Amino acid sequence: MSETDTRTTEETETARRPGRERGREDGKFGRYGGQYVPEALMPAIEELTDAYERYVLDNEDGFMDEFRERLADFGGRPTPLQRADRLSERYDTEVYLKREDLLHGGAHKLNNALGQVLLAKYMGKERIIAETGAGQHGTATAMAAAHLDMPCTIYMGERDINRQRPNVFRMKLNGSEVKPVTTGRGTLKEAISETMRDWAETVEDTHYVIGSIVGPHPFPVMVRDFQAVISEEAREQAREKTGGLPTDVVACAGGGSNTMGTFAHFVDDEDVALHAVEAGGSTLEVDEEAGVAPNSASLFAGEEGVLHGARTKLLQDSDGQIMESHSVSSGLDYAGVGPELAYLVDEGRVDPVAVDDDAALEGFHRLSNTEGIIPALETAHAFGYLEEHHEDLGERVVVNVSGRGDKDLDAAIEETDQRDVANAPDMSMFTGGM
Amino acid sequence: MSETDTRTTEETETARRPGRERGREDGKFGRYGGQYVPEALMPAIEELTDAYERYVLDNEDGFMDEFRERLADFGGRPTPLQRADRLSERYDTEVYLKREDLLHGGAHKLNNALGQVLLAKYMGKERIIAETGAGQHGTATAMAAAHLDMPCTIYMGERDINRQRPNVFRMKLNGSEVKPVTTGRGTLKEAISETMRDWAETVEDTHYVIGSIVGPHPFPVMVRDFQAVISEEAREQAREKTGGLPTDVVACAGGGSNTMGTFAHFVDDEDVALHAVEAGGSTLEVDEEAGVAPNSASLFAGEEGVLHGARTKLLQDSDGQIMESHSVSSGLDYAGVGPELAYLVDEGRVDPVAVDDDAALEGFHRLSNTEGIIPALETAHAFGYLEEHHEDLGERVVVNVSGRGDKDLDAAIEETDQRDVANAPDMSMFTGGM
Amino acid sequence: MANSDALDAAFADGPAYVPYLVVGDPDYESSKAYVEALDRGGADVIELGLPFSEPIAEGSTIQEALVRSLDAGMTPDRFFAFAEELEVDAALVCMTYYNLIYQYGKGEGPRPFVERAAAAGIQGLVVPDLPAEEADPLREACDEFGLDLVFIVAPTTRGDRLDRMMANVSGYVYVQARLGTTGARDDVSDQTTASLDRLSGYDVPKAVGFGISTGDHAERIVAGGADGIIVGSALVDVVAEGVAADLSTAEVADRLEALSRELKGGAERGHRSRTGTVESA
Amino acid sequence: MANSDALDAAFADGPAYVPYLVVGDPDYESSKAYVEALDRGGADVIELGLPFSEPIAEGSTIQEALVRSLDAGMTPDRFFAFAEELEVDAALVCMTYYNLIYQYGKGEGPRPFVERAAAAGIQGLVVPDLPAEEADPLREACDEFGLDLVFIVAPTTRGDRLDRMMANVSGYVYVQARLGTTGARDDVSDQTTASLDRLSGYDVPKAVGFGISTGDHAERIVAGGADGIIVGSALVDVVAEGVAADLSTAEVADRLEALSRELKGGAERGHRSRTGTVESA
Ligand SMILES: Cc1ncc(COP(=O)(O)O)c(C=O)c1O
Ligand SMILES: Cc1ncc(COP(=O)(O)O)c(C=O)c1O
């Protein structure tokens with residue numbers, strides 16, 4: 001199908017589609033999205049678009065059936081929607097937790113990684129590459145690649161490698177090669193650029209598994225569709241358990257894959273408020289001179305631009321150079337955000353909020369000691385939000401627990417140690433690391 | 001009900017009961033089991049026995065319904081029974097994995113911990129104590145206690161505390177107090193003794209959550225009943241997925257809770273072979289002089305005796321002093337084993353096998369890099385067994401993946417580094433620790 | 001009431017002083033001097049602790065003594081040799097855990113242990129982890145060889161359990177003064193009085209233990225109706241102090257003898273106050 | 001065919017030599033000397049790289065040059081000042097990423113950037129992350145200010161995509177010699193010949209780039225049908241070596257000029273062999 005053809009039918013089609021299918025035709029979300037990539041990648045993008053349409057949208061060869069079966073058997077889906085008794089009491093509202101932390105690998109990331117690696121297999125690809133920041137997407141991809149017997153190379157910034165050694169080890173245990181990226185600051189955005197470079201040379205036999213709803217079309221829609229299982233389940237579970245829909249749905253947002261996964265099936269439920277919680281870092285102020293944003297609140301504080309293949313909201317300086325973002329949670333530490341979220345924020349459908357490092361850490365300790373669930377630091381932002389804004393929420397709130405905190409124990413020790421966290425346990429035996 | 005009464009009806013009752021209910025009346029498994037405890041604990045044991053019969057066996061006040069609901073919502077049950085494609089190919093037999101590693105907390109341990117903490121709540125207790133070795137039972141108990149809002153103290157040997165710091169941190173994050181046990185070698189058996197001492201002073205308001213199918217009646221039956229959900233699901237899942245029962249069921253055995261949990265509903269299926277895989281450590285030879293067994297193969301190499309409240313098979317010297325056991329996996333490192341397993345081994349119903357440290361490590365790497373599942377080192381023994389004995393097995397094997405390996409990353413690095421593990425990845429960047 | 005005449009005699013006139021020490025703590029020879037010092041200090045019965053590696057009923061004081069003894073090489077056979085070599089007037093009771101008794105039999109149950117104990121001059125056994133329900137084989141062996149089997153009654157023991165225990169006990173009953181494990185305490189518990197009341201209908205000597213550390217305690221306990229006092233941790237503490245301060249065996253033995261005299265004296269005062277003029281406790 | 005006369009002229013007679021350098025690498029002044037050296041070495045068109053922080057289409061050689069330039073303070077405004085100050089005969093093309101172009105407009109799209117570029121004497125743009133599908137606004141601005149918009153054709157570009165691109169391109173088409181990112185290579189790819197064949201029906205100059213590093217390469221490429229050669233990494237390597245070996249600006253400029261002469265000479269030999277006697281490639 002030629003793109004010119006697609007474009008002519010676009011407006012009408014999109015208008016008729018429910019919100020959770022937005023962008024499928026052409027990767028456009030209002031002004032956001034698109035395919036801003038080097039020409040050399042275009043054939044791969046087109047091949048992928050074709051495969052996405054056939055296998056994912058049309059379930060050709062039973063792709064979606066196999067995907068769902070593997071998500072269940074290998075991944076452990078469905079994940080529960082659990083009532084959080086003690087938080088419900090604390091906030092005098094019904095708080096429900098969507099337990100993506102129970103997914104194999106410990107985060108929602110596997111939904112996408114498994115989908116893409118399986119798709120690569122259906123496409124006849126022989127090799128997987130991926131980038132990773134915190135290492136969560138990398139470990140999920142490495143697991144999926146081992147499970148499906150695909151050779152896999154993961155690019156990871158050198159600085160991230162040093163911050164996330166257990167995740168590096170996990171990837172290697174799963175048989176993946178981990179390639180350190182030494183350019184720039186050695187974090188996620190450099191790793192993405194590097195992976196794109198690899199892909200530009202190897203498109204014929206290689207699939208690039210992007211880790212969030214970012215990048216050129218069809219990645220944002222495809223990753224969303226793979227992650228949408230979260231809200232598909234949560235919506236059904238909420239109806240079963242509570243007899244109705246939630247008043248509010250809360251999810252943290254880095255690139256935004258767990259966010260859109262959690263929102264997708266609620267987008268058309270206009271009475272359900274959707275809250276995307278970004279990392280407010282240490283402050284929302286930006287240091288233009290140094291090119292540093294001490295946060296990664298691109299929905300809240302970013303401006304329109306083009307990054308990594310898509311038009312979206314970015315943290316950038318006035319020249320358009322991408323800023324160094326910062327967050328206590330490396331998985332939220334990204335200067336961009338998925339174009340669909342940028343669109344939904346502009347439309348007023350999604351409420352963007354920023355929660356700072358301190359509040360996130362308190363959220364981390366709060367969920368750990370009141371509910372017996374140690375969340376990822378990314379996830380902890382959602383609980384920081386709950387604490388600060390519960391009075392603005394309705395009577396039934398679903399919060400996505402996007403991941404578990406095992407990967408963050410060292411960071412939690414270090415960060416707790418640096419501040420006065422009111423609800424932290426006695427840390428004396430841990431300071432100085434484990 | 002007086003015990004003399006119970007005893008008179010015992011023989012006939014037990015004979016009529018299916019195997020998975022064995023021992024419920026009096027805690028006897030042939031010559032094994034019993035209640036060898038200080039008199040001061042007897043009232044607590046009797047109160048617990050009574051509570052077990054009412055709430056667990058008779059579902060009084062809907063206890064079992066609440067337990068199962070919380071296991072589902074908080075714990076993430078059911079866990080999948082997954083076909084392991086690559087292992088099936090490797091061994092030319094159908095290998096299915098029961099995925100207890102996906103349970104909240106990362107191991108089967110929560111089934112029991114949640115059951116007991118909930119029971120304590122039904123009994124009106126106000127405080128939880130528990131012992132832990134590897135820290136898995138401790139973390140599971142701490143999670144359950146936080147979830148159910150019960151103050152909790154965990155006893156842990158000082159040496160284990162140093163070996164398992166991330167688990168110590170997790171318990172503290174969940175709001176539990178962790179008390180170091182400095183007596184003896186500072187490992188699991190000292191921690192059990194210490195917890196019993198605490199209990200002897202605090203029985204009135206405190207429940208002791210034992211971590212495996214060991215200890216005095218009713219612990220062995222109660223823990224088995226809580227863990228039996230594993231085989232209840234697995235049996236049903238095997239029938240659904242394969243149209244029949246497995247030929248073999250394999251589980252590692254420390255105290256034996258995951259083992260009996262995995263076997264319970266298959267015990268009466270006489271055509272299903274049951275394999276309990278113990279830690280063979282470095283060798284099965286015993287150093288009588290030093291009182292050291294460089295393994296923890298009490299089913300395979302132990303002798304009858306009385307330990308921690310029950311008659312069972314033990315690693316002991318000729319005087320009856322308990323030996324120091326050893327294993328690469330601290331969770332299997334216990335000198336005793338559940339009395340029910342001792343009985344089933346004597347009866348010839350369960351096949352006891354020992355797998356040494358080297359084979360377990362290879363199993364660890366094999367599952368990680370071929371199936372994308374990093375198992376606990378305990379669990380890895382079951383895969384060591386599969387590699388060594390797959391030719392003796394039938395055409396459909398279920399292996400319990402009792403836990404995930406995140407807790408073992410440091411140990412895996414250290415132990416892999418000490419030997420020549422054929423299938424390990426390049427470890428150079430990790431040696432020296434993370 | 002008792003299989004052994006010696007135990008009968010110990011409780012026959014006046015309150016019995018029943019001290020406990022771990023045999024072999026901190027070493028074989030010193031330990032012998034210490035036990036003999038207890039005897040000189042007035043012991044009527046001596047409980048000799050045979051150390052087990054997993055002493056689930058002990059507090060930390062005694063547990064550490066057990067470890068010292070094990071580290072110095074104590075075994076059941078050396079324990080029996082020790083008992084044989086002792087020169088004491090008091091009756092001897094062995095306190096240990098069931099696994100050692102059972103294992104000594106090499107597959108023949110508890111009988112070989114009891115036989116050997118009898119030959120070594122032991123008159124009774126206390127086995128804190130053996131409940132009456134599991135005690136039949138040991139009871140039979142004790143009867144065969146003329147040993148008494150002492151049971152521990154906890155503050156919480158009542159009803160059927162108490163009856164069953166009292167039907168099996170002989171020599172004396174060990175009345176646990178409070179909940180918890182062994183260990184010296186500063187006060188005397190109300191639970192003791194309640195326990196003695198509950199036991200008043202049973203015709204067997206009642207020796208109260210757990211936490212007695214001074215003559216005053218002893219006095220009050222006996223005044224409250226006990227037929228004897230069992231003292232463990234307070235004496236083991238003296239041994240432990242000797243180890244910590246590197247005192248001579250003779251010095252430690254002297255202190256044990258002196259403390260024994262104080263305890264025994266207290267018990268006798270308590271007995272007089274109960275049988276003669278009632279002093280305020 | 002082209003909006004700009006200068007680009008038309010560059011390809012008018014003989015093969016065009018199109019070198020690329022990153023403006024501001026390693027600093028503003030040296031960079032100016034280097035670009036002028038290219039001009040002296042025979043450049044027909046010079047591609048001036050304006051650095052972007054996320055250069056997804058570049059190999060490591062050019063990426064590092066972009067980082068050096070950014071670290072030295074390069075911005076779009078300084079870039080334009082640089083272009084204005086240059087004293088060169090060659091036509092100037094700006095190569096950069098779309099976000100800088102877009103952001104320069106402060107909400108008014110790409111037009112302000114193009115307007116400023118035109119004022120600075122830039123005759124064309126290459127935007128590697130801007131596909132023809134998204135290029136309408138930039139195309140319009142280029143047309144308005146007389147700039148050419150150069151597209152890159154990959155070895156894999158075919159069919160509809162190729163048609164759409166060729167309908168939009170002006171000045172010249174940048175024929176990517178092989179898959180992958182920029183970077184000097186030792187051989188000349190077969191993919192080049194295939195690409196040139198595929199493009200033979202389109203009436204626009206074809207400049208081949210990606211991996212050309214010697215006069216020999218240049219000769220073979222032009223002999224194979226290219227209308228020009230684009231050389232980036234090989235030249236940037238010379239700058240990088242200068243930084244690493246701490247060479248004087250003059251020395252690096254000399255080397256750039258010499259390499260340029262070699263490349264230009266190679267291209268001319270190739271052209272002669274194609275138009276005159278056919279030498280074996
Ligand atoms: C647990 C967890 N939650 C959230 C995120 C943020 O990613 P996204 O916004 O794409 O879901 C990450 C990324 O690593 C993560 O690991
Ligand atoms: C993952 C795992 N498997 C197995 C065991 C062994 O315990 P059990 O035999 O009681 O199941 C443990 C104990 O810590 C464990 O953590």
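Proteins get letters first, then strands, A, B, ... in listed order; numbering begins at 1 in each. The shown structure was predicted, so the numbers you read here are calculated from the model rather than taken from an experiment.
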Rounded at 0.5 Å granularity, tell me how far [atom1] in [X] sits from [atom2] in [Y].
{"X": "A:D319", "Y": "D:R78", "atom1": "CG", "atom2": "CZ", "answer": "11.5 Å"}
{"X": "A:E304", "Y": "D:Y102", "atom1": "CD", "atom2": "OH", "answer": "3.0 Å"}
{"X": "D:L100", "Y": "A:Q316", "atom1": "CG", "atom2": "CD", "answer": "9.0 Å"}
{"X": "A:Q321", "Y": "D:E54", "atom1": "CD", "atom2": "CD", "answer": "8.5 Å"}
{"X": "A:E46", "Y": "D:R158", "atom1": "CD", "atom2": "CZ", "answer": "11.5 Å"}
{"X": "A:M323", "Y": "D:S53", "atom1": "CE", "atom2": "OG", "answer": "10.0 Å"}

If you count every heavy atom of other residues, nucleotides or ligands that lies below 6.0 Å from D:E84 atom CD, does the total exceed 12?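 More than 12 within 6.0 Å, yes.
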Atom CD of residue position D:E85 - does it have more than 12 heavy atoms of other residues, nucleotides or ligands inside 6.0 Å?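 Correct, the count exceeds 12.
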Heavy-atom contact with chain D under 4.5 Å, split by part of A:L307: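 Just the side chain, heavy atoms under 4.5 Å.
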Under a 4.5 Å heavy-atom cut-off, does chain D meet the side chain of A:L314, its backbone, both or neither? side chain
Are the side chains of [X] and [Y] in touch, meaning some heavy atoms are under 4.5 Å apart?
{"X": "A:E204", "Y": "D:T156", "value": "yes"}
{"X": "D:I56", "Y": "A:L41", "value": "no"}
{"X": "A:S318", "Y": "D:K106", "value": "yes"}
{"X": "D:V153", "Y": "A:E39", "value": "no"}
{"X": "D:E58", "Y": "A:P38", "value": "no"}

Using 4.0 Å as the upper bound for N to carboxylate O, is an ion pair formed by D:E134 and A:K28?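 Salt bridge between A:K28 and D:E134, a charged N being under 4.0 Å from a carboxylate O: yes.
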Which one wins on heavy-atom pair count under 4.5 Å against chain A: D:Y97, D:F151, D:Y104, D:Y98? D:Y98
Between D:A132, D:G159, D:P155, D:P128, the one whose heavy-atom pairs under 4.5 Å with chain A are most numerous: D:P128
For A:M42 against D:P131, the heavy-atom pair lying closest together: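 So the minimum-distance heavy-atom pair works out to CE-CB, 3.7 Å.
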Quick check on D:L70 against chain A: is it the side chain, the backbone, both or neither that has a heavy atom closer than 4.5 Å? side chain
What part of D:P51 is in contact with chain A, defined as an atom under 4.5 angstrom from a non-hydrogen atom: side chain, backbone, both or neither? backbone
Under a 4.5 Å cutoff for heavy-atom pairs, which residue among A:E190, A:R311, A:E194, A:E303 has the most contacts with chain D? A:R311
